[in-house]
Chemist: 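After the structure tokens below, expect a handful of questions from me.
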Amino acid sequence: MRYAIAFSLLLAALNGCGLAETGTAAAGGAAAEAQQAAQARRTEEHVREQLDEANRVAEEQRRAAEAQTQ
């Protein structure tokens with residue numbers, strides 16, 4: 001909480017010289033990067049699930065083929 005108040009006061013103090021806009025832009029960019037990283041993790045998990053399912057199906061097909069040859 002103290003950090004947020006101190007940060008707000010710092011931004012208010014720097015508002016006149018344009019540094020606050022730079023800080024705000026940097027914070028917005030960091031938030032966008034965090035959102036992209038979260039989306040990438042979700043995509044990676046989805047692809048991993050698809051690969052696991054494909055491997056499971058392939059294993060079932062292999063076992064069925066081996067059972068037919070015996």
Chemist: Not counting sequence neighbours, which residues clear side-chain hydrogen bond (donor to acceptor under 3.5 Å, both in side chains) with Gln68? List them please.
Modeler: none
Chemist: Give a yes or no on whether Gln35 atom CD has more than 12 heavy-atom contacts from other residues, nucleotides or ligands under 6.0 Å away.
Modeler: no
Chemist: Name all pairs fulfilling the salt bridge (Lys or Arg N to Asp or Glu O under 4.0 Å) condition that reach into residues 28-45, sequence neighbours left out, sorted by first residue then second.
Modeler: Glu44-Arg48
Chemist: In chain order, what residues pass the side chain to side chain contact (heavy atoms under 4.5 Å, CB included) check against Arg63, with sequence neighbours excluded?
Modeler: Glu59
Chemist: Can you measure from CD (Gln50) to CG (Asn55) and round to the nearest 0.5 angstrom?
Modeler: 12.0 Å
Chemist: Go through the structure and list residues passing side-chain hydrogen bond (donor to acceptor under 3.5 Å, both in side chains) with Glu53, not counting sequence neighbours.
Modeler: Arg56
Chemist: Who pairs with Gln61 by side-chain hydrogen bond (donor to acceptor under 3.5 Å, both in side chains), at least two apart in sequence or on another chain?
Modeler: none
